[in-house]
Amino acid sequence: MEMNELNPDVLSVQPSALRVFDHEISQDPEIIKLTLGEPDFNVPDHVKQAAIASINADQSHYPYFWGIQALREAASTYYREKFGYQYSADQIVCTVGATEGLSATFKTLFQPGDGVLIPAPAYPVYKALASINHLVPIMVDTTETGCVLTPQQVNEAIAAHPDVTIKGVVITDPSNPTGVVYSKAQLSALVPVFRDHQIWVISDEIYGELTYGVKHYSLSQWLPDQTIVINGLSKSHAMTGWRIGFAFGPTGVIDQIAKTHQFQVTTPTSIVQHAAVEALTHGQNDAAVMRQVYEQRCQYLTDSLTKLGISYVEPKGAFYIFMKIPERCHQDSFTFARQLAKNYHVGLMPGAPFGDPQALRISYASSNENLHAAVDALTKELVRDGVLAR
């Protein structure tokens, strides 16, 4: 069988450039990686003990495909108290991480040919999911508005694509890669335009517990009948490898998302679901320690980049800084990132996969020692390129 006989939609989508680059630089045994978005904290002990107890209790059989009732009830209570979500257990599907929740949502909400607005810079998975589902990803450049989507930009994007029925938009808040957090006013301003144009909102709130000095709001507060919220425990409880997430949505639509989810993965691992109940019922403050450390690291990096004369998007959440490569370097993001890796054994993520070939993403979900090494590497590279004096 020839490769061209395979599904052309799959063939047209490239593997994650983020993962490919991370794998490339990982061949260096000395590499210091500030690339992937993974907490450098471990899963809280009480959650681990709950998983062990679940194993010992033989809770290893097929769970209900929506997720076990106790977990959906715990998620309903937890996120209502945290962010004001108004979803009952019957409006929540437990997914295999946030990414599977996104996948099931994209596949369910839209028909081939529908347009989906994706504010850029953006996490690359959104465009890939749109493409693989025969949708039209419409990238909206938000760099001139502080990386926040505005009602004017939505209207301009709709007007610029008269032949495309725009049915959806992705809001990532807090943002990966920029760390931007939408204010209450910015979110509420978007509601009339989304309502008027009957646009489904996919609200990716996986970093919702990691904000610094500002409050996280959810668009579902104002637009519950047109919003699907995606969240999970990967960032708030450092459970990235456990793969547990949630999709929240209005009755009827969430039933269809659950059906798509069922035929993709059946259900998340039973043991992880029982451990997640513990995380949500007794781990309401598990993110607090991480948040405090991340905020200190963020301050160190922003101070350091400012001293180096490097511009960046002001981060208020997540654990990323999206910095601009100085124009005098005359290098694109992949070239610059490879130079840092080769010369100084420091790995930063190129900005091109996020939509900005002149930027780098720094993850500060790493030790202070590693962050100091990154600043030192940037300093030396800017001196080498003649941007800074020796």
Side-chain angles (χ1 to χ4, degrees), residues 37 39 41 43-44 46-47 50 66-95 97-98 101-102 105 171-176 179-188 191 201-224 227-240 242-250 254 268 272-295 298 315-319 365:
F41 292 86
V43 176
H46 69 103
V47 178
W66 282 65
I68 63 175
Q69 184 71 20
L71 179 54
R72 289 183 291 123
E73 289 177 353
S76 176
T77 299
Y78 182 92
Y79 289 104
R80 181 174 64 249
E81 293 175 352
K82 286 279 183 179
F83 306 129
Y85 294 4
Q86 295 298 317
Y87 296 101
S88 69
D90 293 337
Q91 295 175 301
I92 303 169
V93 177
C94 303
T95 61
L102 287 166
T105 299
I171 300 293
T172 315
D173 182 21
S175 167
N176 174 12
V180 162
V181 176
Y182 281 71
S183 69
K184 183 177 182 180
Q186 289 166 336
L187 287 175
S188 60
V191 171
V201 179
I202 301 175
S203 186
D204 186 345
E205 302 179 27
I206 192 67
Y207 295 96
E209 293 203 47
L210 302 178
T211 61
Y212 316 118
V214 295
K215 183 178 178 180
H216 170 69
Y217 294 93
S218 175
L219 252 173
S220 64
Q221 176 179 339
W222 299 280
L223 204 61
T227 301
I228 305 297
V229 178
I230 303 296
N231 214 318
L233 303 183
S234 289
K235 316 303 180 180
S236 60
H237 292 73
M239 294 172 66
T240 51
W242 295 51
R243 311 310 302 135
I244 188 72
F246 308 102
F248 306 78
I254 198 67
V272 172
Q273 291 194 52
H274 287 284
V277 173
E278 170 67 22
L280 294 176
T281 54
H282 297 107
Q284 292 92 337
N285 296 317
D286 283 349
V289 173
M290 292 186 283
R291 183 169 57 245
Q292 183 178 14
V293 173
Y294 291 146
E295 186 170 13
C298 180
K316 292 292 184 181
F319 38 64

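Only this structure's heavy atoms are used, side chains among them; waters, hydrogens and symmetry mates stay out. Positions are given from 1 along the sequence.
With sequence neighbours excluded, no residue satisfies salt bridge (Lys or Arg N to Asp or Glu O under 4.0 Å) with Lys316. Listed by chain and residue number, nothing satisfies the ring-ring contact (aromatic ring centres under 6.0 Å, His included) test with His274 (two or more places apart in sequence, or in another chain). Legend: residues meeting side chain to side chain donor-acceptor pair (under 3.5 Å) with Trp222, ordered by chain and number and at least two apart, are absent. Residues passing the side chain to side chain donor-acceptor pair (under 3.5 Å) test with Asp173: none are found, sequence neighbours excluded. For Ala75, the side-chain contact (heavy atoms from CB on, under 4.5 Å) partners two or more places apart in sequence, or in a different chain, are Tyr79, Ile92, Phe246, Leu280. For Val43, the side-chain contact (heavy atoms from CB on, under 4.5 Å) partners are Val47, Lys48, Met239, Trp242, not counting sequence neighbours. Scanning for side chain to side chain donor-acceptor pair (under 3.5 Å) contacts around Thr240 gives Glu38, with sequence neighbours left out. Residues satisfying the ring-ring contact (aromatic ring centres under 6.0 Å, His included) criterion with Tyr78, sequence neighbours excluded, are absent altogether. For Ser218, the side-chain contact (heavy atoms from CB on, under 4.5 Å) partners at least two apart in sequence or on another chain are Tyr85, Glu205, Ser220, Val229. Remark: Ser88 engages Asp90, Gln91 in a side-chain contact (heavy atoms from CB on, under 4.5 Å) (not counting sequence neighbours). Residues passing the side chain to side chain donor-acceptor pair (under 3.5 Å) test with Ser183 are Gln186, sequence neighbours excluded.
Closest approach of Ala318 and Pro174 over heavy atoms only: N-CB, 3.8 Å. Minimum heavy-atom separation, Val277 to Ala70: CG2-C, 4.0 Å. Between Pro44 and His237 the shortest heavy-atom distance is CD-O, 3.4 Å. The two atoms that bring Ala365 and Pro39 nearest to each other are CB-CA, 4.0 Å, heavy atoms only.
In this structure a side-chain-to-backbone donor-acceptor pair under 3.5 Å is present from Ser188 to Ala185. Looking only at distances, no side-chain donor or acceptor of Arg72 sits under 3.5 Å from a matching main-chain atom of Cys94.
Residues in residues 275-285 take part in these side chain to side chain donor-acceptor pair (under 3.5 Å) pairs, two or more places apart or across chains: His46-Glu278, Glu278-His282.
Between Ile244 and Leu71 the shortest side-chain heavy-atom distance falls below 4.5 Å. The shortest side-chain heavy-atom distance between Ile254 and Phe248 does not fall under the 4.5 Å cut-off. With a 4.5 Å cut-off on side-chain heavy atoms, Thr77 and Arg80 count as touching. Side-chain contact between Phe83 and Asn231 is present, with heavy atoms from C-beta onward closer than 4.5 Å.
By the neighbour-count criterion of 12 heavy atoms within 6.0 Å, atom CD of Gln69 is densely surrounded, having more than that number from other residues, nucleotides or ligands.
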Between Val201 and Ile228, does a side-chain contact (heavy atoms from CB on, under 4.5 Å) hold up when you go through it step by step?
-> CA-CA 6 Å; Val201 179; Ile228 305 297; over 6 Å; no

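Atom CG of Leu219 sits about 6.0 Å away from atom CD1 of Ile171, to the nearest 0.5 Å. To the nearest 0.5 angstrom, Arg291 atom CZ is 6.5 Å from Thr211 atom OG1. A distance of 9.0 Å separates CD in Gln86 from CD in Gln221, rounded to the nearest 0.5 Å. Expressed to the nearest 0.5 Å, how far CD of Glu81 lies from OG of Ser76 amounts to 9.5 Å. For the atom pair Ile206 CD1 and Ile230 CD1, the distance stands at 9.0 Å (nearest 0.5 Å).
No close placement of the Phe319 and Tyr212 rings is indicated, their centers lying 6.0 Å or farther apart.
Using a cutoff of 4.0 Å between basic side-chain nitrogens and carboxylate oxygens, Lys235 and Glu209 are not scored as salt-bridged.
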